[in-house]
2 protein chains.
Amino acid sequence: MNLSIAEENHIKSIYKLQEGDSVVTTNALAYELDTKPASVTDMAKKLKEKKLIEYEKYKGITLSPEGRKAALQIVRRHRLWECFLVDKLAFSWEEVHELAEELEHVRSEKLTNRLSEFLGNPVIDPHGDPIPDAHGKMAKPRPQTSLDQANARRLVVTAVTDQSTALLAFLNAKGIKLGTQLEIMAHYEYDNSIEIKVKQQPAITISEQVAKNIMVRPV
Amino acid sequence: MNLSIAEENHIKSIYKLQEGDSVVTTNALAYELDTKPASVTDMAKKLKEKKLIEYEKYKGITLSPEGRKAALQIVRRHRLWECFLVDKLAFSWEEVHELAEELEHVRSEKLTNRLSEFLGNPVIDPHGDPIPDAHGKMAKPRPQTSLDQANARRLVVTAVTDQSTALLAFLNAKGIKLGTQLEIMAHYEYDNSIEIKVKQQPAITISEQVAKNIMVRPV
DNA sequence: AATATTATTTAGACAAATCTAAATAAATAA
DNA sequence: TTATTTATTTAGATTTGTCTAAATAATATT
């Protein structure tokens, strides 16, 4: 199956939005891809034709088994390139996403597998997301919640779900990265903001918006 | 200047065909790009508009200074990726061209420069072609002639000008790669074929066609 | 349940990059 | 120099991926 870049991007975003088995709506996908709902409808027809998604008018989209397979390949390439950029080229955490968005579209299994080997077959990427292996299998992510939901006091950052440059740069500035341990000092119910403290840093208050995108597990 | 992949490919091929200062013809460019002359004409208008080429109807194409600069960036990326694939991922000589054709279109100066550094700032690629530096400067290739023109008897392979998989695989099978030393045993005037011998291999006869694409210098 | 709102799809248009077929210019041969 | 061949360009069509505006379906509200 030969996919265009546009098709790959749609498949990848459907995969991303389809947590569990929920259907993905036209609007959500358009928002995720920074495009228009009408364009998504067009693409949905094409991807249905190619049997990569299940789609009925007005009923939303889910990946077919083949679509999921394709998505996992793309995700694999994306996350391996992120590892390469961080581990080998010394890019920082927040810079690699956009570059990986481009590199992931070089569709060569041989290249992908050689790259993985070269990197020591890593199983998580620099954001803490698991990397599918050549067959699409990936380690089940360890249980984690978003920072605003966490009930433990001492936590470790395991992933960041919003990969926008703005958020990642913000976290970087605050000394927060994967594996960073932090302590929750207070919850402010008024605006759901949270006061946290990272070792050797002054305590900071972060908005609910930000907290939602920081995944943590108790430490 | 933001170039599309199609535009980059045209610029690169014009650069390749424009040896010295000769103009590049519509037909030659169409052949090189495996497209049609009419398509080249269309693209020429666009590239002229963007001031990357000099072009007058029926008078052929040359790169403008900005066009040459763009071409050198693309060539730099291409050759660095080839180094990466061969040196780091253990790809063989003849496999890397097609992959580099894709990777070269990731236009990030930071990535390119980091990659170069990671590779130890190489100055020639696995085919023996010089790699432009970040400013577009590259080592003047050492004097070389094609194998069919060479007058010395003992030669070393410095480059291969035709990067087709077929030729590279052929050379690989015959044990000929960059740096291989060979000896010319005979010229056959009848069909301009050449008998050559590589150390520890039986002598072989190669056609003029092949010989033209093997660049050598006396050793 | 009827109405209003929101989500989705359709219809028709557009830009990029390509093509074929026809027209025209340039080069070559008679 | 005229005729023929070759090279190039133009005109108009096609495909892919996108868009806007209008129409329709689904959902929410009164």
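Lettering of chains follows the sequences in order, A, B, ..., and the numbering in each one begins at 1. Both backbone and side-chain heavy atoms feed into the values below; hydrogens, waters and symmetry mates do not.
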To the nearest Å, how far apart are [X] [atom1] and [N] [atom2]?
X       : N      : atom1 : atom2 : value
A/Asp34 : D/dT18 : CG    : P     : 11 Å
A/Leu33 : D/dT18 : CG    : P     : 8 Å
B/Glu49 : C/dA16 : CD    : P     : 12 Å
A/Ile61 : C/dT9  : CD1   : P     : 7 Å
B/Ile5  : C/dA16 : CD1   : C1'   : 13 Å
A/Met43 : C/dT9  : CE    : P     : 14 Å

Among [options], which nucleotide has an atom closest to any side-chain atom of [X]?
X       : options                : result
A/Lys36 : D/dT20, D/dT18, D/dA11 : D/dT20
A/Asp42 : D/dT18, C/dT8, D/dT8   : D/dT18
A/Tyr58 : D/dT9, D/dC19, C/dT8   : C/dT8
B/Thr41 : C/dC19, D/dT10, D/dT18 : D/dT10
B/Ala6  : D/dC19, C/dT9, C/dT18  : C/dT18

**OP:** Could you walk me through whether B/Ile131 and B/Ser116 pass side chain to side chain contact (heavy atoms under 4.5 Å, CB included), step by step?
**Re:** CA-CA 10 Å; B/Ile131 302 174; B/Ser116 175; over 6 Å; no
Original post:
With distance as the sole criterion, is a donor-acceptor pair present between the side chains of B/Gln149 and B/Ser146 under 3.5 Å?
Top reply: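 Result is no, nothing qualifies.
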Subject >> Watson-Crick or G-U wobble mate for D/dT27, both contacts under 3.5 Å >> reply: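 When the pairing criteria are applied, C/dA4 turns out to be the nucleotide that pairs with D/dT27.
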Subject >> Comparing B/Val24 and A/Lys57 on DNA chain D - which has the more 5′ nearest nucleotide >> reply: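 Upstream on the strand: B/Val24.
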Any [X] side-chain N or O less than 4.0 Å from OP1/OP2 of [N]:
X       : N      : result
B/Thr25 : D/dA7  : no
B/Ser4  : C/dA16 : no
B/Tyr55 : D/dT9  : yes
B/Asn27 : D/dT8  : yes
B/Ser39 : C/dT18 : no
A/Lys45 : C/dT10 : yes

Original post:
Which one of A/Glu104, A/Glu101, A/Glu8 satisfies the salt bridge (charged side-chain N to carboxylate O under 4.0 Å, His left out) criterion with A/Arg77?
Top reply: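 In the set A/Glu104, A/Glu101, A/Glu8, the residue that makes a salt bridge (charged side-chain N to carboxylate O under 4.0 Å, His left out) with A/Arg77 is A/Glu8.
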**OP:** Pick base, sugar-phosphate or nothing for B/Lys59, based on heavy-atom distances below 4.0 Å to the nucleic acid.
**Re:**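 No contact.
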**OP:** Give the ring-plane orientation class for A/Phe84 versus A/Phe118, where under 30° counts as parallel, over 60° as perpendicular and anything between as tilted.
**Re:**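 A/Phe84 vs A/Phe118 ring planes: tilted.
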